[in-house]
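Below, chains carry the letters A, B, ... as their sequence lines are ordered, and counting in each starts from 1.
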There are 2 protein chains.
Amino acid sequence: MTDRNGRAGPGADTPRPTRSRPARAVDTAAPEQAAAERRPRKLRAMTSRHGSRPTMNDVAAAAGVGLKTVSRVVNGESGVSPAMAARVNAAIAELGFRRNDSARLLRTGRTASIALLLEDIADPFSSALSRAVEDVAAAEGCLLFTGSSGEHPPRERELALAFCARRVDGLVVVPAGDDHSYLLPETASGTPVVFVDRPATGIAADAILSDNAGGAREGVSHLIRHGHRRIGFIGDLPQIHTSAERLRGYREAMAAAGLPVDERWIACGTTDRARVAEAVTRLVGGPEPVTALFTANNRITVAALHRLPRTGGRPALLGFDDLELADLLTPALTVVAQDPAALGTAAASTLFERLAGDRTPPRRIVIPTRLIARGSAESPPPAVR
Amino acid sequence: MTDRNGRAGPGADTPRPTRSRPARAVDTAAPEQAAAERRPRKLRAMTSRHGSRPTMNDVAAAAGVGLKTVSRVVNGESGVSPAMAARVNAAIAELGFRRNDSARLLRTGRTASIALLLEDIADPFSSALSRAVEDVAAAEGCLLFTGSSGEHPPRERELALAFCARRVDGLVVVPAGDDHSYLLPETASGTPVVFVDRPATGIAADAILSDNAGGAREGVSHLIRHGHRRIGFIGDLPQIHTSAERLRGYREAMAAAGLPVDERWIACGTTDRARVAEAVTRLVGGPEPVTALFTANNRITVAALHRLPRTGGRPALLGFDDLELADLLTPALTVVAQDPAALGTAAASTLFERLAGDRTPPRRIVIPTRLIARGSAESPPPAVR
DNA sequence: CTGAAAGCGCTTACAG
DNA sequence: CTGAAAGCGCTTACAG
């Protein structure tokens with residue numbers, strides 16, 4: 001996955017900005033500008049220069065018309081005489097006026113923006129999902145805020161509440177924490193929240209999920225079909241919903257085939273390379289090695305791929321989540337692929353349906369996964385070979 | 001790269017939302033709510049229920065204090081008697097009040113948000129850059145809008161102007177178009193814009209760039225050092241700044257080594273697989289094949305990697321941009337890596353310096369690239385072998 | 001310590 | 001066809 005440290009690289013040479021909080025409101029005002037602030041409105045319109053922004057009032061004054069007439073012209077409303085419109089447009093052009101949408105939206109009640117809260121936008125899964133959400137939002141005329149929680153619950157909460165404080169029209173959340181009751185006041189007062197990838201806890205809300213158990217079941221069954229009986233499972237932390245579901249799929253596939261599961265074959269924990277490497281070595285290099293490995297997410301698969309060459313064995317390998325270049329590895333990597341774009345599309349679509357007035361009970365939409373056989377999981381175990 | 005089509009996958013099953021534009025403002029108001037809107041303020045505070053949002057006025061009325069006192073308590077200002085504060089806090093808790101930051105920011109003048117305009121957030125380069133920008137913004141207390149232009153100039157312009165209309169405090173742009181003079185009024189009225197990855201045209205602005213020419217020069221020199229004389233260059237469209245710079249680096253390295261360049265070795269064009277495949281086949285499979293290939297960006301490298309096994313030759317390969325799993329290919333892929341996170345950090349830092357009042361002339365910051373030798377570019381050409 | 005008034009830049013509802 | 005008034009939910013500047 002993307003390196004999340006290493007950001008202190010060349011860019012760190014750039015001096016950090018001074019942290020004067022109300023930066024622009026204070027510092028950018030040139031002396032003349034500050035003076036202009038104190039002048040009456042009409043004078044100020046004439047003095048418009050660097051740093052200022054003409055308002056509808058300025059345009060009205062310059063054109064010698066009423067504020068409402070400017071509003072009509074700007075918004076293309078009918079019922080303005082050509083002469084008036086021409087004068088207003090001339091003033092608009094001269095002053096370089098552009099409507100302040102933030103002000104407009106304050107009055108209107110909506111903000112025409114939604115927010116997407118992810119684990120890490122730099123992760124391929126998140127970024128693919130993000131693009132899909134953005135596309136739906138764009139079709140609805142909404143702009144998109146994005147924020148990364150870093151899988152850190154307090155940060156998720158902080159960001160979510162900051163978005164709500166801006167009064168975004170709605171929220172799409174890939175939950176990091178395990179208690180989302182803090183969002184109850186927000187949803188109660190009309191801000192819809194849709195959860196993706198994992199369900200929320202402590203709040204009844206829409207959830208768009210991958211078929212984690214089904215996908216894992218299909219993957220493990222695939223290994224079994226190719227003759228494997230001793231199959232290792234390397235997963236994420238067991239308290240993570242997706243992780244638990246995939247383990248469930250593994251167990252179900254084994255049970256369905258009437259195969260016993262040795263609990264030592266199951267290694268759940270963090271996704272850091274060292275932890276996964278240790279698990280791989282133990283499962284593959286021990287005295288009673290497994291003949292196949294199911295790695296339950298992209299980071300674990302990558303870590304396992306790096307470790308495997310240094311273990312004695314060469315087990316079949318099947319990963320959850322597709323990887324770029326997976327087809328160019330030797331052997332090419334067989335995966336159970338999620339569809340992050342479909343998750344994002346479904347989540348954003350659901351959100352806009354809620355915004356359009358849908359009051360039906362919370363839904364749970366499950367997006368299917370897809371087994372892509374490429375070679376790494378199709379070789380039989382040594383004994384059968 | 002991430003599949004940008006295929007979004008019609010399983011998610012497409014989800015019914016599309018109806019496109020009623022002013023959705024929430026109209027539809028979500030329950031009948032009681034609509035009635036509440038018509039009631040005088042104080043009554044409304046008492047009637048607060050689903051869909052409404054209590055305001056400071058509501059809190060003031062409920063607590064029986066002045067509006068300003070509520071403001072003081074909400075913002076933690078000093079000079080409020082404990083008794084008053086207690087009454088206000090009780091009202092806040094009872095009504096579930098949360099300050100509307102959009103309203104606050106309208107009065108304040110800033111929006112505490114910046115926007116990032118990318119080619120495609122789903123691309124690993126963009127998403128790594130995005131995360132870095134987000135981190136800097138977060139440290140400055142700013143939220144981040146993101147938008148994808150899809151390398152489509154009109155869309156870039158539309159998005160950029162939409163962000164400016166929201167009065168974002170500043171803009172970070174990966175330019176898609178070749179004329180950014182449309183941003184002149186925005187920068188003139190005080191919205192700073194920083195360009196990343198490519199410089200802007202038609203406007204004097206900060207630009208944060210990779211050392212494209214230097215990186216290409218280093219990569220091609222590396223190939224030359226390993227005995228290659230006939231080196232092919234497969235690049236992006238020549239009008240793209242990064243593409244032209246990398247080609248320049250290629251030519252400079254060849255010239256520095258006193259090597260002639262056959263113009264037929266240079267294949268610039270789109271990054272789609274078919275076009276790259278054709279170029280690879282022609283360069284490698286022809287009668288006078290090159291012995292090494294320099295692929296000038298990540299998409300081209302991936303396309304070439306897919307094609308190469310199906311050509312007769314097995315040239316040395318060196319790509320611009322690193323790829324996940326590059327080290328697990330056979331042979332492992334040698335690359336000139338960019339540092340998208342450093343680009344993002346430098347861009348965002350520069351933006352906040354501008355916001356803090358920096359009025360120095362536009363800068364150009366160049367982020368170094370890094371050659372990572374892994375094997376694919378270190379084998380000598382057949383003749384020397 | 002407290003709060004009424006004016007204003008941020010727009011739109012809504014209403015009167016000419 | 002045109003515009004003055006009131007208001008969106010806050011903060012600023014000012015008076016008690």
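Minimum heavy-atom separation, B/Leu183 to B/Leu171: CD2-CD2, 4.2 Å. Closest non-hydrogen pair, B/Ile114 versus B/Cys142, comes out as CG2-SG, 4.3 Å.
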When you look at B/Val173 and B/Val196, which way does the side-chain contact (heavy atoms from CB on, under 4.5 Å) test go after all the steps?
CA-CA 6 Å; B/Val173 179; B/Val196 211; over 6 Å; no

Would A/Arg354 and A/Asp169 count as a salt bridge (charged side-chain N to carboxylate O under 4.0 Å, His left out) here? Give the steps.
CA-CA 10 Å; A/Arg354 293 304 185 187; A/Asp169 293 336; over 6 Å; no

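Protein atom CG of A/Leu67 is 16 Å distant from nucleotide atom P of C/dA13, rounded to whole Å. One can place CG of B/Asn57 at 10 Å from P of C/dA4, the figure rounded to the nearest angstrom. At whole-Å resolution of the value, CG in A/Asp101 and C1' in D/dC8 are 15 Å apart. The distance from atom CG of A/Asp58 to atom P of C/dC10 is 9 Å, rounded to the nearest whole Å. The separation between B/Arg110 atom CZ and D/dC10 atom C1' is 16 Å, rounded to whole Å. Between the CZ atom of B/Arg72 and the P atom of C/dG3 there is a distance of 8 Å, given to the nearest Å. One interatomic measurement links the two molecules: CE of B/Met56 to C1' of D/dT11, which rounds to 8 Å at whole-angstrom precision.
Taking only side-chain atoms of B/Asn100, from C-beta outward, the nucleotide of C/dG9, C/dG3, D/dG9 with the closest atom is D/dG9. Taking only side-chain atoms of A/Lys68, from C-beta outward, the nucleotide of D/dG3, C/dC10, D/dG9 with the closest atom is D/dG3. Nearest nucleotide to the side chain of B/Leu106, out of D/dC14, C/dC8, D/dC8: C/dC8.
Nucleotide C/dT2 forms a Watson-Crick or G-U wobble pair with D/dA15, both donor-acceptor distances falling under 3.5 Å.
Ranked by how close their nearest DNA chain C nucleotide is to the 5' end, A/Phe97 and B/Val80 are led by B/Val80. Mapping B/Glu77 and B/Ala103 onto DNA chain D by nearest heavy atom places B/Ala103 at the nucleotide closer to the 5' end.
Taking 3.5 Å as the limit, the base of D/dG7 and the side chain of A/Arg107 contain a donor-acceptor pair of atoms between them.
Between A/Asn75 and the phosphate of C/dT11, there is a side-chain N or O to OP1/OP2 separation shorter than 4.0 Å. A sub-4.0 Å separation between OP1 or OP2 of D/dT11 and a side-chain N or O of B/Ser71 is present. OP1 and OP2 of C/dC1 both lie 4.0 Å or more from every side-chain N or O belonging to B/Ser81.
For B/Ser149 and B/Glu119, the side-chain atoms include no donor-acceptor pair closer than 3.5 Å.
When the P atom is compared between D/dC10 and C/dC1, the two are found 25 Å apart, to the nearest whole Å.
Among the protein residues, B/Arg99 comes within range of the sugar-phosphate backbone only, with heavy atoms under 4.0 Å from sugar or phosphate atoms but none that close to a base. Residue B/Val65 is classed as a sugar-phosphate contact, given heavy-atom separations below 4.0 Å to backbone atoms only.
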